[in-house]
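Computed from a predicted model, the values in this text were never measured in an experiment. The first residue in the sequence is number 1, and the count goes up from there.
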Amino acid sequence: MAPTTLPGGTWTLGDLTVTRFGYGAMQLAGQWVMGPPADHEGALAVLREAVALGITHIDTSAAYGPYVTNRLIREALHPYPEPLHVVTKVGADRDEQGGWPTARDPRSLRRQVRENLETLGLERLDLVNLRLGDATGPQPGSLAEPLETLVALQREGLIRHLGLSNVTPEQVAEAQTITPIVCVQNQYNLAHRGDDDLIDELARQGVAYVPYFPLGGFTPLQSSALSAVAARLGATPMGVALAWLLRRSPNILLIPGTKSVAHLRENVAGAGLALSGEDLAELDRIGR
Ligand SMILES: NC(=O)c1ccc[n+]([C@@H]2O[C@H](COP(=O)([O-])OP(=O)(O)OC[C@H]3O[C@@H](n4cnc5c(N)ncnc54)[C@H](OP(=O)(O)O)[C@@H]3O)[C@@H](O)[C@H]2O)c1
């Protein structure tokens with residue numbers, strides 16, 4: 001399938017064109033994103049199917065596993081086809097209990113960039129998101145110091161573009177006084193609408209918004225209204241949730257995760273659904 005035939009078409013991140021329908025690799029690692037996948041060959045098959053479907057945006061991080069999803073991506077897809085862009089994030093490590101301790105001092109950020117390069121088999125990372133906040137969400141405070149470290153790594157030629165993750169609108173504005181930001185990756189989906197205003201503002205600026213947990217994450221979306229719309233359209237609830245995101249704003253890029261080739265195909269098909277005004281109004285009420 002040619003990239004532009006995927007639902008939503010394409011978006012340009014800086015100078016990188018990606019399909020708006022991407023793939024999030026996090027849950028390919030073991031339970032709670034620790035250790036190897038239960039089905040190694042199955043994980044490789046999902047990644048290869050993503051590229052076969054025309055997807056050119058894969059989201060990952062050295063922290064997933066740790067190193068597990070990056071190594072799976074490398075094993076499945078290296079040498080990477082020219083249009084494919086693998087997006088990573090830095091700002092947290094993993095501990096023995098599977099926790100995500102903050103790691104944003106210059107030394108830790110440099111190490112994480114190096115680890116992403118090594119495990120993905122790249123000489124330069126196309127796009128690195130600086131992840132702030134904590135597991136409860138964004139936290140206020142200046143991001144100048146960690147962002148300046150990433151700007152230095154960019155000048156050294158190790159990073160092409162910079163993005164932010166798990167941030168407040170104030171942190172986005174602060175970052176933009178320091179360096180261009182091509183995307184913001186925050187939690188957002190049909191039922192979790194805290195970033196509505198930020199999405200609209202970024203759309204006006206031409207900056208991408210990449211919702212993480214687009215399907216609800218570890219507890220996938222469950223809503224009688226969503227199921228009712230899906231039943232009416234003869235579609236799956238997850239497909240409808242993705243179609244709604246693509247319709248919500250042109251700067252939204254999808255990175256839904258799945259361990260299943262069948263779900264991946266189902267999600268691509270679902271994201272292409274045409275939603276009527278009545279469908280949209282019903283879906284809109286879920287998160288309001
Ligand atoms: N920046 C950050 O802080 C941050 C945090 C979290 C995640 N992320 C990124 O966001 C990406 C997406 O998040 P996510 O994968 O955790 O959550 P998600 O995309 O919201 O949902 C994934 C879950 O939905 C299920 N699912 C997918 N398609 C389905 C279908 N057609 N039918 C039924 N169930 C379906 C998956 O199960 P199956 O495997 O069974 O399909 C999986 O349990 C991650 O891969 C990661 O790259 C970023």
**Student:** Starting from Y212, walk the hydrophobic network (Ile, Leu, Val, Met, Phe, Trp, Tyr; side-chain heavy atoms closer than 4.5 Å) and list everyone else you reach, by chain and number.
**Tutor:** M26, W32, V33, Y64, W100, F213, F218
**Student:** Output yes when D93 and R111 qualify as a salt bridge under the 4.0 Å nitrogen-oxygen rule, no when they do not.
**Tutor:**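 Looking at R111 together with D93, the answer is yes, because their closest N to O distance falls below 4.0 Å.
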**Student:** Are E174 and S142 side-chain neighbours, meaning at least one heavy-atom pair lies under 4.5 Å?
**Tutor:**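 Counting from C-beta outward, E174 and S142 do come under 4.5 Å.
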**Student:** What's the spacing between L254 CG and N267 CG if we round to 0.5 Å?
**Tutor:** 9.5 Å
**Student:** State the CG-CZ distance between D15 and R160, to the nearest 0.5 angstrom.
**Tutor:**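 Output value for this atom pair is 4.0 Å.
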**Student:** Just one of N70, V86, L158 clears the side chain to side chain contact (heavy atoms under 4.5 Å, CB included) bar with N116, so which one?
**Tutor:**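 With N116 as partner, side chain to side chain contact (heavy atoms under 4.5 Å, CB included) holds for just one option, N70.
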**Student:** Roughly how far apart are L242 CG and I252 CD1, rounded to 0.5 Å?
**Tutor:**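 It is 11.0 Å, given to the nearest 0.5 Å.
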**Student:** Is there a side-chain contact between D126 and H161, using heavy atoms and a 4.5 Å cut-off?
**Tutor:**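 A side-chain contact is absent here, since even the closest heavy-atom pair is not under 4.5 Å.
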**Student:** Does any donor atom in the side chain of T69 or T60 lie under 3.5 Å from an acceptor atom in the other side chain?
**Tutor:**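 The criterion, which ignores hydrogens and geometry beyond distance, is satisfied for T60 and T69.
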**Student:** Would R110 and D105 count as a salt bridge (Lys or Arg N to Asp or Glu O under 4.0 Å) here? Give the steps.
**Tutor:** CA-CA 9 Å; R110 282 185 172 271; D105 59 284; over 6 Å; no
**Student:** For salt bridge (Lys or Arg N to Asp or Glu O under 4.0 Å), just list the numbers for R248 and D284, CA-CA rounded to whole Å, side-chain angles, deciding distance to a tenth of an Å, and then say yes or no.
**Tutor:** CA-CA 9 Å; R248 168 64 186 81; D284 201 45; over 6 Å; no
**Student:** So, does N166 use its side chain to make a donor-acceptor pair with the main chain of N186 at under 3.5 Å?
**Tutor:** no
**Student:** Is there a side-chain contact between L130 and L132 (heavy atoms, below 4.5 Å)?
**Tutor:** yes
**Student:** Give a yes or no answer on whether the side chain of R131 reaches the backbone of L164 with a donor-acceptor pair at less than 3.5 Å.
**Tutor:** no
**Student:** Side-chain donor-acceptor pair under 3.5 Å between T136 and Q139, yes or no?
**Tutor:** yes
**Student:** Nearest 0.5 angstrom please: T5 OG1 to F21 CZ, how far?
**Tutor:**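 Rounded to the nearest 0.5 Å, the OG1-CZ separation comes to 12.0 Å.
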**Student:** With salt bridge (charged side-chain N to carboxylate O under 4.0 Å, His left out) as the rule and sequence neighbours excluded, what pairs involving residues 178-191 come up?
**Tutor:**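 Listed by first then second residue: nothing to list.
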**Student:** In Å, rounded to the nearest 0.5 Å, how long is the span from CD of E115 to CG of L120?
**Tutor:** 11.5 Å
**Student:** Could you check if a side-chain atom of L72 sits within less than 4.5 angstrom of a side-chain atom of P37, using non-hydrogen atoms only?
**Tutor:**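 Heavy-atom side-chain distance check passes, below 4.5 Å.
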**Student:** Check the pair T179 / Q154 against side chain to side chain contact (heavy atoms under 4.5 Å, CB included), numbers first and verdict last.
**Tutor:** CA-CA 11 Å; T179 192; Q154 190 179 33; 4.0 Å; yes
**Student:** For atom CD of E145, decide whether the heavy atoms of other residues, nucleotides or ligands shown that lie under 6.0 angstrom number more than 12.
**Tutor:**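 Count not over threshold, so no.
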**Student:** Check whether any side-chain heavy atom of P211 sits under 4.5 Å from a side-chain heavy atom of L245, and report yes or no.
**Tutor:**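 They are in contact (side-chain heavy atoms under 4.5 Å apart), so the answer is yes.
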**Student:** When you look at L202 and V172, which way does the side chain to side chain contact (heavy atoms under 4.5 Å, CB included) test go after all the steps?
**Tutor:** CA-CA 10 Å; L202 294 174; V172 176; 4.1 Å; yes
**Student:** Is there a side-chain contact between L122 and Y80, using heavy atoms and a 4.5 Å cut-off?
**Tutor:**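 Yes. Closest side-chain heavy atoms under 4.5 Å.
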**Student:** To the nearest 0.5 Å, what is the distance between OH on Y188 and CD1 on I199?
**Tutor:** 4.0 Å
**Student:** Within the 4.5 Å heavy-atom criterion, are V87 and V18 side-chain neighbours or not?
**Tutor:**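 Not in contact.
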**Student:** Are a donor atom and an acceptor atom from the side chains of N129 and S165 found within less than 3.5 Å of each other?
**Tutor:**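 Side-chain D/A pair, N129 to S165: absent.
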**Student:** Could you check whether any side-chain heavy atom of E266 comes within less than 4.5 Å of a side-chain heavy atom of T258, counting everything from C-beta outward?
**Tutor:**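 Not in contact.
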**Student:** I'd like to check the side-chain contact (heavy atoms from CB on, under 4.5 Å) partners of A230; sequence neighbours left out, ordered by chain and number.
**Tutor:**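 Partners of A230 under the side-chain contact (heavy atoms from CB on, under 4.5 Å) test: P237, V240.
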